[in-house]
Amino acid sequence: MADIETFKQENRVFAPPADFVKNATISGMPAYEALCAEAERDYEGFWARLARENLQWQKPFTKVLNETDAPFYKWFEDGKINVSYNCLDVNLSNGNADKTAVVFESDDAKVTRVTYRELHRRVCHFANGLKSLGVKKGDRVVIYMPMSIEGVAAMQACARIGATHSVVFGGFSAKSLQERVIDAGAVAVITADVQVRGGKQLPLKSIVDDALAMGGCDTIRNVIVYKRAGADINWVEGRDLWLHDVLANQADECEPEWVDAEHPLFILYTSGSTGKPKGVQHASGGYLLWAVLTMKWTFDIKPNDVYWCTADIGWITGHTYIAYGPLAVGATQIVFEGVPTYPNAGRFWDMVQRHKATIFYTAPTAIRSLIKAAEADEKIHPKQYDLSSLRLLGSVGEPINPEAWMWYYKNIGHEKCPIVDTFWQTETGGHMISPLPGATPQVPGSCTLPLPGITAAIVDETGHDLPNGNGGILVVKRPWPAMIRTIWNDPERFKKAYFPEEFGGKIYLAGDGAIRNKDTGYFTITGRIDDVLNVSGHRMGTMEIESALVANPIVAEAAVVGKPDETTGESICAFVVLKRARPTGDEAKQIAKELRDWVAKEIGPIAKPKEIRFGDNLPKTRSGKIMRRLLRVLAKGEDITQDISTLENPAILDQLKESQ
Ligand code: PRX
């Protein structure tokens with residue numbers, strides 16, 4: 001999707017509307033530049049000031065940044081804090097107690113509202129309930145929950161007692177869940193009987209049962225089950241508990257566990273280019289600081305806003321911009337259980353209208369699929385809805401192509417809402433490069449400029465700065481408070497993946513390519529430079545999918561590449577060699593279906609290859625290396641014009657053109 005030539009030619013510029021600038025938290029470019037200059041002048045002083053002004057510390061920090069063990073940086077390390085206290089208790093004494101914290105809308109459009117006072121009470125019950133089961137500071141708790149108030153409360157309850165949560169997205173399979181439970185060494189899983197999306201029930205509890213039955217999860221003592229729909233489920237006496245029983249008779253107050261700023265708030269698994277998913281470990285103080293600052297800077301959050309981030313709590317966006325950020329700034333937010341296409345593809349616009357949302361944050365894939373739907377059906381076109389409450393739009397997770405940007409700007413924002421195209425990653429904790437809505441002139445398809453204090457740059461393969469106008473490797477030169485601290489259980493992999501020696505070991509390698517505009521210095525992300533795909537804004541490692549395929553007894557070899565896709569950004573294309581003769585016709589279709597289902601079982605439905613192509617072999621060099629660049633060309637359906645003289649078996653290319 002991120003066709004670099006299109007971006008290079010993009011010269012439309014949209015200045016922030018004057019009304020917006022007038023009231024913005026960061027108002028006008030000089031205000032942005034002043035913050036950048038402050039950070040440059042005194043980096044630690046800048047962060048220390050913000051951390052003092054924006055967070056409540058139980059014990060103030062005296063140290064700001066500790067670089068002695070680089071790249072294992074520490075921020076505010078002698079300060080004591082509690083994230084849940086900052087998200088909830090703070091709002092009980094600052095006038096927000098009776099303000100709506102969450103407007104929850106279920107899949108079937110039932111609306112439940114909770115105030116900050118009520119959310120605080122529920123989180124305290126939950127925290128006390130966890131404590132009554134022996135969960136304590138430092139323990140890991142896996143959360144496998146639908147989008148719900150209970151899901152957010154589960155995360156906050158862990159934070160309250162100093163337990164480190166690891167949320168696993170409800171679309172991951174039993175096997176993926178088992179691997180994460182084992183790697184984290186979790187003591188409990190919090191789940192629901194089912195998750196309801198698009199009118200269908202997905203059995204979460206039975207997936208947990210399957211995961212734990214696969215073995216190796218001996219650290220798990222309890223499975224806590226939120227009754228979402230009263231579905232039939234199996235029950236393991238002694239291990240399984242209903243959430244409502246755990247919460248019954250718990251006290252309304254739970255003294256927060258004050259933890260060091262560096263205490264791990266959560267682990268979130270994400271795909272890398274090699275091996276199994278990485279447990280990205282985040283700290284407490286620095287992470288929360290950035291969540292708060294970016295809510296204020298990027299989202300310009302104000303007391304009367306009705307903020308809506310459509311992400312799932314199973315991804316980083318749902319952590320920073322649902323479970324933590326909005327609460328820490330006392331915002332009112334919408335939490336949505338369902339999908340954008342149910343009961344029809346007007347659901348998002350209908351919800352914006354009914355709840356009078358003012359800030360709307362979603363992924364380009366959702367926008368692109370809703371464009372298609374709106375073009376196909378006038379009745380659910382956004383013009384049928386009153387979207388006048390909106391004042392700011394956001395995009396996240398993948399590059400947004402200029403056409404989708406323009407559609408969003410015109411049809412949803414009515415040319416009066418700035419769009420913040422926020423570039424960031426699971427590892428960065430929060431936004432890194434993004435327009436500030438009351439300051440930065442926007443250019444469709446560009447995430448514009450780094451936030452104040454973020455030293456993003458573009459370098460070549462040796463780590464040297466490239467002048468603007470050249471494409472290169474995106475890096476961040478100095479540590480920032482919300483950055484990943486390590487990979488859980490694998491500090492060596494952390495160093496290798498993010499701070500490689502080739503780049504001097506001290507600059508953060510994002511794994512993306514980028515280019516800066518010659519004149520403006522604006523960044524455009526050109527996509528991953530490793531073997532990570534981005535499908536519908538979800539990160540998938542090609543190696544992970546390949547390993548899943550070759551784990552099937554009929555598969556001899558597999559290679560997976562990404563293919564540009566109009567709606568999902570990229571789609572998964574798998575080239576497969578079977579241990580038996582290459583199938584054709586109906587047999588090939590049947591086996592392709594079996595393999596797709598297999599991948600769904602091994603990883604989850606999100607990893608299913610859209611296309612599978614069978615060959616007697618894969619294109620290889622004489623030394624046996626698979627020539628992936630040729631596979632990428634084949635996947636796109638283009639003719640091979642590259643030099644194939646080093647190819648051992650050129651005849652194979654023809655076979656691999658046919659997809660199943
Ligand atoms: O390739 C970039 C892409 O998503 C990757 C991070 O994925 P994940 O850790 O799952 O986090 C997604 C939500 C923050 C990045 O390495 N990406 C994310 N945002 C953008 C983006 N690519 C282009 N533009 C963006 N705004």
Side-chain angles (χ1 to χ4, degrees), residues 1-4 6-7 167 169 171-172 266-273 277-280 282 287 290-291 294 298 309-322 325 361-368 393-402 404-405 408 419-435 440 442-451 454 456 473-476 482-484 487 497-498 508-515 522-542 544 562 568-570 606-607:
M1 273 329 281
D3 177 359
I4 194 64
T6 324
F7 286 122
V167 184
F169 175 60
F172 278 115
F266 64 85
I267 304 166
L268 182 60
Y269 288 85
T270 189
S271 293
S273 50
K278 311 182 268 202
V280 172
H282 277 287
Y287 170 80
W290 201 223
T294 48
T298 320
C309 165
T310 69
D312 191 286
I313 52 168
W315 307 109
I316 189 68
T317 310
H319 281 59
T320 312
Y321 298 110
I322 295 177
Y361 189 39
T362 197
T365 288
I367 298 166
R368 289 190 294 262
L393 303 175
S395 170
V396 59
E398 40 176 332
I400 180 163
N401 47 310
W405 195 103
Y408 198 29
I419 299 182
V420 287
D421 173 2
T422 60
F423 167 81
W424 60 296
Q425 309 175 295
T426 305
E427 293 87 342
T428 68
H431 303 150
M432 297 297 276
I433 310 180
S434 171
T440 323
Q442 299 130 60
V443 170
S446 167
C447 52
T448 74
L449 297 170
L451 296 187
I454 300 301
I473 297 167
L474 180 65
V475 297
V476 185
M483 68 192 296
I484 174 176
I487 293 176
Y498 303 111
Y508 171 82
L509 202 68
D512 282 291
I515 184 165
Y522 275 18
F523 286 73
T524 288
I525 307 297
T526 52
R528 300 287 306 191
I529 49 171
D530 50 12
D531 291 320
V532 170
L533 306 183
N534 192 326
V535 183
S536 304
H538 298 153
R539 231 163 110 169
M540 296 299 326
T542 51
E544 254 174 280
T568 58
E570 264 184 311
I606 48 173

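Start at 1 and go down the list; that is how both ligands and their atoms are numbered. The first residue of the sequence shown is numbered 1, and numbering continues consecutively from there. Every value quoted in this text rests on a predicted model; they were computed, and no experiment measured them.
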Peer 1: Within the structure provided, determine whether Tyr361 and Ile322 are in side-chain contact (heavy-atom separation under 4.5 Å).
Peer 2: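 No, side chains not in contact.
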Peer 1: Aromatic contact between Tyr287 and Phe266, with the criterion being ring centroids under 6.0 Å apart: yes or no?
Peer 2: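 When the ring centroids of Tyr287 and Phe266 are compared, they turn out to be within the sub-6.0 Å range.
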Peer 1: Between His538 and Trp315, how do the two ring planes meet: parallel, tilted or perpendicular, split at 30° and 60°?
Peer 2: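 Rings of His538 and Trp315: parallel, under 30°.
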Peer 1: Ion pair present between Glu398 and Arg368, side-chain N to carboxylate O less than 4.0 angstrom?
Peer 2: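 A salt bridge links Glu398 with Arg368.
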Peer 1: Is the closest side-chain heavy-atom distance between Thr317 and Trp424 below 4.5 Å?
Peer 2: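 Of all side-chain heavy-atom pairs linking Trp424 with Thr317, at least one is under 4.5 Å.
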Peer 1: Can you name the residues that come within less than 4.0 Å of ligand 1, going by heavy atoms only?
Peer 2: Ile316, Thr317, Val396, Gly397, Glu398, Pro399, Asp421, Thr422, Phe423, Trp424, Gln425, Thr426, Asp512, Ile525, Arg528, Asn534, Arg539
Peer 1: Evaluate Thr448 against Asp421 for side chain to side chain contact (heavy atoms under 4.5 Å, CB included), listing each step before the verdict.
Peer 2: CA-CA 8 Å; Thr448 74; Asp421 173 2; over 6 Å; no
